[in-house]
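Naming: A, B, ... by sequence-line order, numbering from 1 per chain. Below, all heavy atoms of this structure are taken into account, side chains as well, without hydrogens, waters or symmetry copies.
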Amino acid sequence: MFTGTGGSGNTGSIKTVPLARSKLPIDTAALARYLIGKMLVRELPEGMASGRIVETEAYVIGDAAGHAFRGMTKRNRSLFLERGHAYVYLAYGSSYMLNVSSEKPGIGAGVLIRAIEPLQGIEIMRLNRGIERLRDLARGPGRLAAALRIDSALDGVDLCREGPLWLGHREDEPGEIGQSVRIGISRDAHRLLRFYLRGSPFISGRRSLNE
DNA sequence: AGTGCGATTGACT
DNA sequence: GTCAATCGCACTA
């Protein structure tokens, strides 16, 4: 249990190794499901902040709701990197979103990380967010990015090696994974491309989407 | 150059 | 439940 002593102390209490790129499914929807239960790790000057991924969405090849739909632009170029790289962009002028590129190099598709269960560096996240309540620290893509201080400086980083931001394994298996429509989109809105850890209090979305 | 619109959030009725 | 903030990008002219 973390007691929030304000100092360094959290590093090392959770052992994690980076995800191997070769193990990542070469398919966006499969990757979105695969990432549920994996660790998202942020290395900051104050220490580590990390959590377990509990909610993702797939933006697949040819998806009218995906940012890559109209081809590569200055903003979305990281979506076209080999799978396992970060695509970070600013939504609504105020919230950063973290995606994981998901296909072969040159193909634009990605997985949006929508929520994590905070596990390490919780006091760092509280300071980054300016709120106390654990459940709300990283519930939602913009909140998650704020909690982990993720911004466009991290666009394009390799998430399969230790560094400022990376993905890690956990020993345990995730629980039951639910599936629903994606949140907040209008095009291709019926597709069941949102994945979440069923029963987790740290996922976003209306009650009816989370059953 | 101008316009419209989000892969959201937080404040408010 | 409703609604405005806020800004980069796509699209039109």
Side-chain angles (χ1 to χ4, degrees), chain A residues 27-36 40 51 53-81 83-103 107-118 125-157 159 165 167 178-197 201-210:
Chain A
D27 173 87
T28 304
L31 179 63
R33 176 180 282 271
Y34 176 84
L35 289 177
I36 298 294
L40 180 64
I53 296 170
V54 293
E55 182 183 354
T56 62
E57 284 179 356
Y59 288 85
V60 302
I61 297 172
D63 188 342
H67 286 181
F69 185 59
R70 290 177 177 79
M72 194 187 304
T73 67
K74 188 173 187 177
R75 174 178 71 165
N76 71 16
R77 63 193 159 83
S78 297
L79 272 182
F80 294 79
L81 295 172
R83 68 194 191 282
H85 288 79
Y87 163 51
V88 180
Y89 79 98
L90 184 64
Y92 293 102
S94 51
S95 303
Y96 285 100
M97 308 274 140
L98 171 66
N99 295 251
V100 182
S101 67
S102 54
E103 298 282 345
I107 297 178
V111 174
L112 172 68
I113 310 297
R114 286 193 59 92
I116 64 170
E117 173 184 347
M125 296 191 213
R126 286 200 168 108
L127 287 170
N128 286 339
R129 290 271 291 121
I131 64 164
E132 284 294 312
R133 195 175 182 218
L134 180 65
R135 188 173 109 93
D136 292 336
L137 285 181
R139 185 170 55 84
R143 293 165 172 172
L144 178 163
L148 297 181
R149 212 179 300 154
I150 291 168
D151 61 23
S152 50
L154 293 169
D155 186 38
V157 306
L159 299 172
L165 182 67
L167 294 163
Q179 206 168 338
S180 81
V181 296
R182 294 172 290 182
I183 293 175
I185 61 164
S186 50
R187 290 174 294 197
D188 271 341
H190 63 284
R191 308 180 74 174
L192 299 180
L193 292 172
R194 171 174 176 263
F195 301 87
Y196 57 92
L197 184 60
F202 298 96
I203 59 179
S204 67
R206 305 190 311 275
R207 182 68 173 274
S208 63
L209 288 180
N210 296 335

Aromatic Phe195(A) / basic Arg33(A) pairing, under 6.0 angstrom, 45° off normal: no

Is any side-chain N or O of Arg139(A) closer than 4.0 Å to OP1 or OP2 of dG10(B)? no

From CG of Leu137(A) across to C1' of dG10(B) the rounded distance in Å is 15 Å

With a non-hydrogen cut-off below 4.0 angstrom, is Ile185(A) in contact with a base, only sugar-phosphate, or nothing? sugar-phosphate

Say we look at dA4(C) and dG4(B): how far apart would their P atoms be, to the nearest angstrom? 16 Å

Starting from C1' on dA10(C), measure out to CZ on Arg75(A) and report it in whole angstrom. 9 Å

Output the rounded distance in Å from NE2 (His190(A)) to C1' (dA7(B)). 17 Å

Side-chain N or O of Arg70(A) closer than 4.0 Å to phosphate OP1/OP2 of dC9(C): no

Measure CZ/Arg206(A) against P/dT8(B) and give the value in whole Å, please. 13 Å

Between CD1 of Ile131(A) and P of dA11(B) the distance, given in whole Å, is 10 Å

Between Arg187(A) and dG6(B), is there a side-chain N or O to OP1/OP2 distance below 4.0 Å? no

Considering all heavy atoms of both residues, which atom of Ala109(A) and which atom of Glu103(A) are nearest to each other, and what is their separation? CB-CG, 3.6 Å

In whole angstrom, what separates His67(A)'s NE2 from dG8(C)'s P? 15 Å

Once you round it to whole Å, what is the distance between C1' of dG10(B) and CZ of Arg133(A)? 14 Å

CA sep, side-chain torsions, deciding dist, call: Ser204(A), Arg114(A), side chain to side chain donor-acceptor pair (under 3.5 Å): CA-CA 8 Å; Ser204(A) 67; Arg114(A) 286 193 59 92; 3.2 Å; yes

Taking Asp155(A) for the side chain and Tyr89(A) for the main chain, is one N or O donor matched with an acceptor at less than 3.5 Å? no

Atom CD of Glu132(A) to atom C1' of dG10(B): distance rounded to whole Å? 17 Å

Taking all non-hydrogen atoms of both residues into account, name the closest pair between Ala147(A) and Leu137(A) and its distance. CB-O, 3.4 Å

Would you sketch DNA chain C in dot-bracket for me? Only Watson-Crick or G-U wobble pairs with both distances under 3.5 Å count, crossing pairs as [ ], other-strand pairs as |, the rest as dots. |||||.||||||.

Within the side chain of Arg194(A), is there an N or O that forms a donor-acceptor pair under 3.5 Å with the backbone of Glu55(A)? no

Can you tell me if Thr56(A) uses its side chain to pair, donor with acceptor, with the backbone of Leu112(A) under 3.5 Å? no

Counting heavy atoms from C-beta on, name the nucleotide in dT8(B), dA7(B), dA10(C) closest to the side chain of Leu79(A). dA7(B)

Counting N and O atoms only, with roles assigned by atom type, does the side chain of Ser102(A) sit under 3.5 Å from a partner on the main chain of Gly110(A), one being a donor and the other an acceptor? yes

Selection: residues 89-99 of chain A, any non-hydrogen atom under 4.0 Å of DNA chain B: Tyr89(A), Tyr92(A), Ser95(A), Met97(A), Asn99(A)

Do the numbers put Arg182(A) on top of the ring of Tyr59(A), so that NZ or CZ is under 6.0 Å from the six-membered ring centre and no more than 45° off the axis? yes

